[in-house]
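Written out below as structure tokens is the structure these notes cover.
Note that these values count all heavy atoms, side chains included, but never hydrogens, waters or copies made by symmetry. From a predicted model like this one, the values you see are computed outputs, not experimental measurements.
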Amino acid sequence: MRKVTYSMNVSLDGYIVGPDGDFNWTEPDPDVFRSWIDEIRQIDVHLLGRRLYETMLYWETADQDPAQDAAQLEWAALWKPLPKVVFSTTLSAVEGHARLASGDVAGEIERLRAEPGEGDIAIGGATLAAQAAAAGLIDEYRARVYPVLVGGGVPFFPRDEHRVDLDLVETRAFSSSVLYLRYRVARRA
């Protein structure tokens, strides 16, 4: 069965966006950006909320920007054709290889898991991840922890989450002091 992964940049104090809505502290160095490229190669479909979808729209046309370097063009070439499912109550249309979700996150994940495929089902955004976590559907948590304390904002982990035991699968320290942590949900009988 295909894994459901939740992967985001996060501050050391646990936020994906600061209290002012800013996330400019997540600008990746080349090695961190390469890790995102490697990760996206394992993804078959990406679930996004409206805010993340709108942020990522840039990558739908980034290949036309002459200022892009080779890694950014590689990312754009992988992102653009990737199927995306956008959860929004305010959008009436989406662009590129995206479609608006017609149901809830849990139902969509179950539907996607029933389809053939070997790549991961990725979740981007704390709200969607919280809904999937509440339904016990996240298989892996992946955090790129940045050496910054932002003091509040949108938390990586939902605050009303029940206990979830995790097994450490992978760690990586980057020269920029970013730390990659990959945990698998421990499903013990």
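- Taking the ring centre of Trp79 as origin, the terminal cationic atom of Lys84 falls inside the region bounded by 6.0 Å and 45° from the ring axis.
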Given salt bridge (Lys or Arg N to Asp or Glu O under 4.0 Å), test Glu140 with Arg142 step by step and report yes or no. CA-CA 6 Å; Glu140 286 189 4; Arg142 300 172 179 178; 2.7 Å; yes
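- Between Leu48 and Val85 the shortest side-chain heavy-atom distance does not fall below 4.5 Å.
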Would Thr90 and Arg50 satisfy side chain to side chain contact (heavy atoms under 4.5 Å, CB included), going step by step from the backbone distance to the final call? CA-CA 8 Å; Thr90 58; Arg50 179 194 51 81; 3.1 Å; yes
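- Residue Pro155 comes nearest to Ala126 through the heavy atom pair O-CB, 3.3 Å, listed as atom of the first residue, atom of the second, then distance.
- Inter-residue side-chain proximity for Leu47 and Ile109 is flagged as met; some heavy-atom pair is nearer than 4.5 Å.
- Less than 6.0 angstrom separates the ring centroid of Phe157 from the ring centroid of Tyr141.
- Taking both residues in full, the closest heavy atoms of Pro19 and Gly152 are given as CD-O, 3.0 Å, listed atom of the first, atom of the second, then distance.
- Interatomic distance, Leu166 CG to Leu181 CG, rounded to the nearest 0.5 Å: 10.5 Å.
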Salt bridge (Lys or Arg N to Asp or Glu O under 4.0 Å) between Asp63 and Lys80, worked out: CA-CA 9 Å; Asp63 57 349; Lys80 191 173 182 177; 3.6 Å; yes
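- Test Val4, Ile121, Asp44 against Leu112 for side-chain contact (heavy atoms from CB on, under 4.5 Å) and you get one pass: Ile121.
- No single ILVMFWY cluster, assembled from side-chain heavy atoms under 4.5 Å apart, contains both Leu73 and Leu78.
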Would you sort out whether Leu100 and Leu91 count as a side chain to side chain contact (heavy atoms under 4.5 Å, CB included), showing the intermediate values? CA-CA 8 Å; Leu100 282 170; Leu91 293 175; 4.1 Å; yes
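- Not a single salt bridge (Lys or Arg N to Asp or Glu O under 4.0 Å) links Asp65 to another residue, sequence neighbours left out.
- Side chain of Arg2 to backbone of Arg113: no donor-acceptor contact under 3.5 angstrom is found.
- The two residues Gly151 and Asp13 come nearest to each other via the heavy atoms N-OD2, 2.7 Å.
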Does the pair Arg184 and Leu168 meet the rule for a side chain to side chain contact (heavy atoms under 4.5 Å, CB included), with working shown? CA-CA 6 Å; Arg184 181 176 303 124; Leu168 182 63; over 6 Å; no
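- Glu115 is not listed as a side-chain neighbour of Val45, based on a closest heavy-atom distance of 4.5 Å or more.
- When side chains are defined from C-beta on, Phe23 does not count as touching Val150, because their heavy atoms never get closer than 4.5 Å.
- Going from atom CD of Glu108 over to atom CZ of Arg99 covers 4.0 Å, rounded to the nearest 0.5 Å.
- Aromatic rings of Tyr53 and Phe87 (six-membered ring for Trp) have centroids beyond the 6.0 Å cut-off, not under it.
- Taking OG1 of Thr26 as the reference point, atom CD1 of Ile16 lies at 10.0 Å (rounded to 0.5 Å).
- A donor and an acceptor atom, one from each side chain of Ser7 and Arg144, are located under 3.5 Å apart.
- The distance from the NZ atom of Lys3 to the CD1 atom of Ile138 is 13.5 Å, given to the nearest 0.5 Å.
- The OH atom of Tyr180 lies 8.0 Å from the CH2 atom of Trp36; values are rounded to the nearest 0.5 Å.
- The environment of Gln64 atom CD is dense: over 12 non-hydrogen atoms of other residues, nucleotides or ligands sit within 6.0 angstrom.
- Salt bridge absent: Arg51 and Glu54 never bring a charged side-chain N and a carboxylate O closer than 4.0 Å.
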Would you please test Val32 and Tyr146 for side chain to side chain contact (heavy atoms under 4.5 Å, CB included) and show each step? CA-CA 11 Å; Val32 173; Tyr146 280 71; 3.6 Å; yes
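- Phe33 and Trp75 have tilted rings, their planes meeting at an angle from 30° to 60° on a 0 to 90° scale.
- Identified under the salt bridge (Lys or Arg N to Asp or Glu O under 4.0 Å) test for residues 24-38, with sequence neighbours left out: Arg34-Glu74.
- What you find for Ser176 and Pro147 is that their closest heavy atoms are O-CG, 4.1 Å.
- In plain terms, the two heavy atoms of Gln72 and Trp59 that are nearest each other are O-CZ3, 3.5 Å.
- In this structure the side chain of Asp139 never reaches within 4.5 angstrom of the side chain of Thr5, judged on heavy atoms.
- Under the 4.5 Å side-chain heavy-atom criterion for Ile, Leu, Val, Met, Phe, Trp and Tyr, Tyr183 and Val169 are members of distinct hydrophobic clusters.
- With hydrogens and angles disregarded, no donor-acceptor distance shorter than 3.5 Å links the side chain of His46 to the backbone of Leu82.
- The line from OG of Ser35 to CD of Glu170 is 9.0 Å long, rounded to the nearest 0.5 Å.
- Of all heavy-atom pairs between Asp167 and Ala186, the closest is OD2-CB, 3.6 Å.
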